[in-house]
Student: 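Structure provided below as structure tokens; questions to follow.
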Protein chains: 2
Amino acid sequence: MAEPTRTDKRQHIVETAYALFKRVGFHATGIDRIIAEADVAKMTMYRHFPSKDDLMVEVLGYRAGRFERQLDRLAEQAATPERKIGTIFDWYGRWFHSADFHGCLFAHALAEFGDPAHPVFQAAARQKNDLKRRMRLILEEMMPADEADSTSAALLMLIEGATLMARMGQPAAAIRDARKAAMAMLAARGRPQ
Amino acid sequence: MAEPTRTDKRQHIVETAYALFKRVGFHATGIDRIIAEADVAKMTMYRHFPSKDDLMVEVLGYRAGRFERQLDRLAEQAATPERKIGTIFDWYGRWFHSADFHGCLFAHALAEFGDPAHPVFQAAARQKNDLKRRMRLILEEMMPADEADSTSAALLMLIEGATLMARMGQPAAAIRDARKAAMAMLAARGRPQ
DNA sequence: CGATAGTGAGACAGGTCTGTCTATCTATGC
DNA sequence: GCATAGATAGACAGACCTGTCTCACTATCG
């Protein structure tokens, strides 16, 4: 009964690969290392994922899904648009300070796979676009659509930049300054230029 | 006379490696490809650079120096702090639209080399810190030091995030939204919260 | 002319990479 | 009990990786 079922193996490979890609990188992580740490045979991995590319895409999808579900839960608890955006920044603040923070896996994927036609590039870009859309929909509750679009873009930039700064060893300053700028951006709305 | 001098070879290797690292990535670019495209012997490269790590650090330093010199020249022409910041965003806007834009080499280096003790990581982080310091010094002409610090951090985040969005295929929207947010940030200064 | 320093071409070592294949084992469903 | 599907270990292919080494060549300087 402690025996893992078939589909468990698949998920176990995904999670092991996720941990390695995050810590070590995509190119720098070899198949041999993934199967060694996951403790599965090579053919088991290749049965589930025809190639390393497929595995990377699956890992990114898995991570993106987990991220979306967490933000969904947080959004429910917040009443106003400002607070909803605030909970997103809160999430990033906690993430920056978590023990196994190694930067954004999606940004790293975009960095390592420069070809926009590559499935890994596309899977990573999808997550960024999804996050921007999420924030845009929130902002549309409090401002016109075009303004919500440019503001959500700016918020996404702050988040991505803050993640980079956190990665460079300044997690506390990163989230503080990003949050401050974001809140000022929302509070200043409607004021005369 | 059309013959290249000795030190030219060294610089030629650096520039060829730079073009490849930018387009292809650090791990994905092999020594063999660098020397093939630079049209030099392998031993010539290894005489100048004891290892690939050394070459990568040199490439990052070369690129950072070129960047700094360009910003120095632009800063001279601008009168007010606001305009100086504006010229930096202008530079990024032109870069985003240039033919061989492939994202930020330093951000990619940070993504591929996760260990903060790695010389490549450090060389890349240095450029980000230098850019932040440059903007902080400009902002200190118009605001107190602590405010200049957090504002320069926010501006750096906008720039890094905009670079990521430009890389994902939206260069025009990226620089427009980043610039708009940055200018609003500076204009709103002193207004009551 | 001769010495020296940089360069060239390429073999080579030792390791790693992705992906394939075989042959054996095991667990579940009927 | 038995068939089937999934898992196992490990060899293997063929390519690529970094870095070393040898030996011949060339250009400059005195």
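For the numbers below, each heavy atom of this structure counts, side chains included, while hydrogens, waters and symmetry mates do not. Order of the sequence lines fixes the chain letters, A, B, ..., with proteins taken first and strands second; residue numbering starts at 1 for each chain.
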Student: Which residues pass the salt bridge (charged side-chain N to carboxylate O under 4.0 Å, His left out) test with B:E82, sequence neighbours left out?
Tutor: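 In terms of salt bridge (charged side-chain N to carboxylate O under 4.0 Å, His left out), with neighbours along the sequence ignored, B:E82 is linked to no residue.
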Student: Under 6.0 Å from the CZ atom of B:R83, do we count more than 12 heavy atoms belonging to anything else shown?
Tutor: no
Student: Calculate the interatomic distance between B:Y46 atom OH and C:dA5 atom C1'; express it in whole Å.
Tutor: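 Atom-to-atom, B:Y46 to C:dA5, this comes out as 22 Å.
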Student: Could you tell me the separation between the NZ atom of B:K52 and the C1' atom of C:dT16, rounded to a whole number of Å?
Tutor: 13 Å
Student: Using ring-ring contact (aromatic ring centres under 6.0 Å, His included) as the criterion, list what pairs up with B:F21, not counting sequence neighbours.
Tutor: B:F26
Student: Determine: side-chain N/O of A:H48 to OP1/OP2 of D:dA7, distance under 4.0 Å, yes or no.
Tutor: yes
Student: Please report, rounded to the nearest Å, how far the C1' atom of C:dG8 is from the CE atom of B:M45.
Tutor: 15 Å
Student: Given atom NE2 of A:H12 and atom C1' of D:dA7, what is their separation to the nearest angstrom?
Tutor: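 To the nearest whole Å, that distance equals 13 Å.
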Student: Please give, in whole Å, the distance from C:dT7 C1' to B:D8 CG?
Tutor: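 The answer, rounded to whole Å, is 14 Å.
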Student: Checking A:F121 now: which residues fulfil ring-ring contact (aromatic ring centres under 6.0 Å, His included) with it, not counting sequence neighbours?
Tutor: none
Student: Provide the full list of ring-ring contact (aromatic ring centres under 6.0 Å, His included) pairs with a residue in residues 160-181 of chain B, sequence neighbours left out, each pair given once.
Tutor: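 Not a single pair qualifies under ring-ring contact (aromatic ring centres under 6.0 Å, His included).
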Student: Which part of the nucleic acid does A:D53 contact within heavy-atom distance under 4.0 Å: base, sugar-phosphate only, or nothing?
Tutor: nothing
Student: Does one side chain, of B:S150 or A:K180, offer a donor that lies under 3.5 Å from an acceptor on the other?
Tutor: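 The criterion, which ignores hydrogens and geometry beyond distance, is satisfied for A:K180 and B:S150.
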Student: I want to check one thing: is the phosphate of D:dT8, taken as OP1 and OP2, less than 4.0 Å away from some side-chain N or O of A:K9?
Tutor: yes
Student: Could you tell me whether the phosphate oxygens of C:dG6, OP1 or OP2, come under 4.0 Å of any side-chain nitrogen or oxygen in B:T44?
Tutor: no
Student: Between atom CE in A:M43 and atom C1' in D:dC12, what is the gap in whole Å?
Tutor: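 Going from CE in A:M43 over to C1' in D:dC12 covers 13 Å.
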Student: Give the residues of residues 25-38 of chain B touching DNA chain D, defined as any heavy atom closer than 4.0 Å, sorted by residue number.
Tutor: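 B:T29, B:G30, B:I31, B:D32 - these, ordered by number, are the residues of the stretch whose heavy atoms sit under 4.0 Å from the strand.
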Student: For A:E141, enumerate each residue passing the salt bridge (charged side-chain N to carboxylate O under 4.0 Å, His left out) test, keeping only those at least two apart in sequence or located in another chain.
Tutor: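 A:E141: salt bridge (charged side-chain N to carboxylate O under 4.0 Å, His left out) contacts with A:K84.
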Student: Return the value, rounded to whole Å, for the distance between atom NZ of B:K42 and atom P of D:dC21.
Tutor: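 Nearest whole value for this atom pair: 13 Å.
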Student: What is the distance, rounded to the nearest whole Å, between atom CZ of B:R47 and atom P of D:dC21?
Tutor: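 Going from B:R47 (CZ) to D:dC21 (P), I get 13 Å.
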